[in-house]
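Here is the structure we will look at.
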Amino acid sequence: MAAVFALADCNNFYASCERVFDPRLRDRPVVVLSNNDGCVVARSAEAKALGIPMGEPAFKCKELFAAHNVAVFSSNYALYGDMSRRVMQTLARYSPDIEIYSIDEAFLRLDRLNDAPAALAKRAKEEVGRWTGIPVSIGLGSTKTLAKIANRRAKKDPANGGVFDLTGGADVEAGLAATAISDVWGIGPRYAKMLAGLGVATALDFIRLPRELVQKRMTVAGLHTWLELRGISCIGMEESPPPKKSIINSRSFGRRITELADIKESLAYHVVRAAEKLRAQGSVCSRLLVFIQTSRFEQGVPYYSPTAEGGLPVATANPSKLVKLAHDLAETIFKPGLEYKKAGVMLTGIERADARRLTFFEPEAQADGREKTLLRTIDAINAKWGRRTVDIAACGTAKPWAMRQESRSPRSTTVWEEIAVVRA
DNA sequence: TCTGGGGTCCTAGGACCC
DNA sequence: TCTGGGGTCCTAGGACCC
């Protein structure tokens, strides 16, 4: 059988997660906001129908929210992450060949199995709904890009029952003709605009462009999209996620920050989180980049957004060493008299911890061993007793820079004290 | 008052080397 | 007067994804 890729995508994922634990939200418009309660990042179908755009700043929607009794939530990533894990575990029962693509999407290979792909997809969709309460749509295609298009068709028309099959005898041309070019996976706003200038409105128009033109204007990535839409698979399944080559931790401040000391505190926090991610994938890093930013939207004052990068003599995952470097770098770019809105760090020069150069000096090797033991112990304690049970002092306790989060729902599946209570 | 966060890949061009 | 050329590494910038 020819390859059959399925894309399973949770409908309005964050909004659906909120609904699972509060049935009163059914039929009520639900939106979820980004960190710091900044922008709308998820909308239920009812909220979409109200015309609330994705990414809209929350303060611009206040009146609309009030007028239509919209349920508004701060992001609750503890909940969404755990719900995602449950959805993925359920999907994995349907194919050994699964790639978790994002928090709410997974690709599955559905050929090479005993049952017909479309029948498997239908059962998977129903079981995820029954076991987790999350509605999911599944699209089937002979390539990943076509599976993405099929998924859009599945979502768009309720008559499809949440599953759309663009393989076998399906009319692929009709599917491509019904898909706006800007809705194709791999075509962003820039390329969509450029293609519009070439008279391309749909995916079907796009695959009728000459191959050489596509490669010239859109490089090999664009060519892959073009080939995939023609049924030639270029983007394969990734069995296990490769280690990250860069790790970022950053956040907008809950309010404006003017003091270097506060910025340093927030940077320490970001470094500690980033170093945890680094150790979780068994890596060390040799470079660190610090960035601080004023508001992009402030009238009358120039936008200040400097970065500073520095290296370490020996690659490390030790937060104390990284914090020291981050603080030194911050001092080189901090300008007093400005109101800062955001800060963050990026770790690069990432390599496997076990591939490190050996140290020949015995005292250093011993110190290295003690350091590893210490960090392993901290990670173990935090894994058992919760994040930040053991922290480093530079993160501070006052946290004037902490983010706003005014309406977070309970962490119903990961914190005992916040578990849902059912009254019968 | 209020505008997210975290990633990847590709290419062009400069520095440097022989 | 004539003033190489190819390879590699690094970085910045631009495109995309969720």
Side-chain angles (χ1 to χ4, degrees), chain A residues 7-10 12-14 31-42 52-63 65 72-77 80-81 84 99-107 144-145 148 151 181-195 214-225 228 234-235 238 241-256 266 269-270 273-274 277-278 281 286-287 289 291 293-299 303 307 309 311 339 341-350 403-407:
Chain A
L7 175 66
D9 190 336
C10 300
N12 319 321
F13 182 55
Y14 298 167
V31 302
V32 178
L33 306 181
S34 61
N35 278 320
N36 240 335
D37 294 345
C39 299
V40 173
V41 292
I52 300 168
M54 181 68 171
E56 185 77 346
F59 73 93
K60 289 188 181 172
C61 303
K62 280 240 162 87
E63 289 170 17
F65 290 164
V72 180
F73 291 92
S74 303
S75 296
N76 183 349
Y77 286 104
Y80 311 150
S84 171
E99 173 190 340
I100 296 170
Y101 179 68
S102 73
I103 193 166
D104 70 334
E105 281 175 76
F107 287 102
K144 280 181 162 182
T145 307
K148 277 268 192 182
N151 188 277
I181 186 63
S182 57
D183 289 338
V184 173
W185 193 41
I187 308 292
R190 298 294 175 93
Y191 283 157
K193 196 172 167 202
M194 183 273 288
L195 290 168
V214 171
Q215 176 148 22
K216 184 153 183 289
R217 303 289 290 269
M218 303 167 71
T219 79
V220 298
L223 181 61
H224 285 164
T225 301
E228 286 242 323
C234 304
I235 308 170
E238 286 190 2
K244 307 259 179 265
K245 297 171 180 172
S246 65
I247 292 173
I248 296 176
N249 221 83
S250 74
R251 194 78 83 226
S252 302
F253 302 131
R255 57 179 176 80
R256 295 195 169 91
S266 80
Y269 173 85
H270 292 310
R273 298 287 88 78
K277 296 179 195 173
L278 192 63
Q281 69 170 27
S286 60
R287 298 192 71 74
L289 180 134
F291 55 93
Q293 294 168 6
T294 61
S295 172
R296 291 199 306 286
F297 305 98
E298 192 77 22
Q299 305 291 322
Y303 175 45
T307 65
E309 193 174 5
E339 295 185 326
K341 276 300 294 174
K342 184 175 179 178
V345 301
M346 176 160 71
L347 308 181
T348 57
I350 291 176
M403 71 169 165
R404 268 193 319 278
Q405 210 181 31
E406 288 174 359
S407 30

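From a predicted model like this one, the values you see are computed outputs, not experimental measurements. Proteins get letters first, then strands, A, B, ... in listed order; numbering begins at 1 in each.
OP1 or OP2 of dT3(B) has not a single side-chain nitrogen or oxygen of K62(A) nearer than 4.0 Å. When the side-chain nitrogen and oxygen atoms of K245(A) are compared with OP1 and OP2 of dT8(B), none of them lie within a distance under 4.0 Å. Between dT1(B) and R404(A), no contact under 4.0 Å exists linking OP1 or OP2 to a side-chain N or O. At dT3(B), none of the side-chain N or O atoms of S295(A) fall inside 4.0 Å of OP1 or OP2 (strictly under the cut-off). Side-chain N/O atoms of K342(A) include none lying less than 4.0 angstrom from OP1 or OP2 on dT3(B). OP1 or OP2 of dG6(B) sits under 4.0 Å from a side-chain N or O of S250(A).
Rounded to an integer number of Å, the gap from Q293(A) CD to dG5(B) C1' is 11 Å. The CD atom of E63(A) sits 18 Å away from the P atom of dC2(B) (whole-angstrom rounding). Rounding to whole angstrom units, CD of residue E406(A) and P of dC2(B) are separated by 13 Å. In this structure, the NZ atom of K144(A) is 15 Å from the P atom of dT8(B), given to the nearest Å. The OH-P distance, from Y77(A) to dG4(B), rounds to 12 Å in whole Å. Across the protein-nucleic acid pair, E309(A) atom CD and dT11(C) atom C1' stand 10 Å apart, rounded to whole Å. If you measure from atom CD1 of I350(A) to atom C1' of dG7(B), you get 11 Å, rounded to the nearest angstrom. Atom pair N151(A):CG and dC17(C):P shows a separation of 15 Å (rounding to whole Å applied).
If you check every strand for non-hydrogen atoms under 4.0 Å, N249(A) touches sugar and phosphate atoms only. The residue I247(A) sits close only to the backbone: its heavy atoms come under 4.0 Å of sugar-phosphate atoms, none of a base. The residue N35(A) sits close only to the backbone: its heavy atoms come under 4.0 Å of sugar-phosphate atoms, none of a base. E56(A) comes within 4.0 angstrom of no nucleic acid atom, judged by non-hydrogen atoms across all strands. K193(A) comes within 4.0 angstrom of no nucleic acid atom, judged by non-hydrogen atoms across all strands. Counting non-hydrogen atoms under 4.0 angstrom, R217(A) reaches nothing in the nucleic acid. Within 4.0 Å (heavy atoms only), K341(A) reaches sugar-phosphate atoms of the nucleic acid but no base atom. V184(A) comes within 4.0 angstrom of the backbone, heavy atoms only, and of no base. The residue S75(A) sits apart from the nucleic acid: no heavy atom pair falls under 4.0 Å. At the heavy-atom level, I103(A) lies nowhere under 4.0 Å from the strands shown. Within 4.0 Å (heavy atoms only), P241(A) reaches no atom of the nucleic acid at all.
For the 3.5 Å distance criterion, the side chains of D37(A) and S74(A) qualify, holding a donor opposite an acceptor.
Comparing E298(A) and T219(A) by the nucleotide of DNA chain B that holds the closest heavy atom to each, the one mapping nearer the 5' end is E298(A). Map V41(A) and Q215(A) each onto its nearest nucleotide of DNA chain B; the residue landing nearer the 5' end is V41(A).
Distances were taken from every side-chain heavy atom of F59(A) (C-beta onward) to each of dG7(B), dT3(B), dC17(C); the shortest belongs to dT3(B). For C39(A), counting side-chain heavy atoms from C-beta on, the closest listed nucleotide (dG6(B), dG4(B), dC2(B)) is dG4(B). Picking from dG5(B), dC18(C), dG7(B) the nucleotide with the shortest atom distance to the side chain of S252(A) gives dG5(B). With distances taken from any side-chain atom of K148(A) to the nucleotides dG5(B), dC18(C), dC16(C), the minimum falls on dC18(C). Of the candidate nucleotides dT1(B), dC16(C), dG6(B), dC16(C) has the atom lying nearest to any side-chain atom of Y191(A).
Proximity of F13(A) to E105(A): side-chain heavy atoms (C-beta onward) are nowhere separated by under 4.5 Å. Between R251(A) and R273(A) the shortest side-chain heavy-atom distance does not fall below 4.5 Å.
Here F297(A) counts as stacked on dT3(B): its ring centre is under 5.5 angstrom from the base ring centre and the planes meet at under 30°.
The separation of dC16(B) from dG4(C), taken at their C1' atoms, amounts to 15 Å, rounded to a whole angstrom.
dC9(C) and dG14(B) make up a base pair, with Watson-Crick or G-U wobble contacts both under 3.5 Å.
Note that CZ of R404(A) is 5.0 Å distant from CG of N36(A), once rounded to the nearest 0.5 Å. Distance check, rounded to the nearest 0.5 Å: OG1 of T307(A) to CE of M346(A) gives 8.5 Å. With values rounded to the nearest 0.5 angstrom, L278(A) atom CG is found 11.5 Å from N249(A) atom CG.
Using the six-membered ring where Trp is involved, Y77(A) and Y14(A) have ring planes that are perpendicular, over 60° apart on the 30 and 60° scheme.
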Tell me, with the steps shown, if E309(A) and R287(A) meet salt bridge (Lys or Arg N to Asp or Glu O under 4.0 Å).
CA-CA 7 Å; E309(A) 193 174 5; R287(A) 298 192 71 74; 3.2 Å; yes
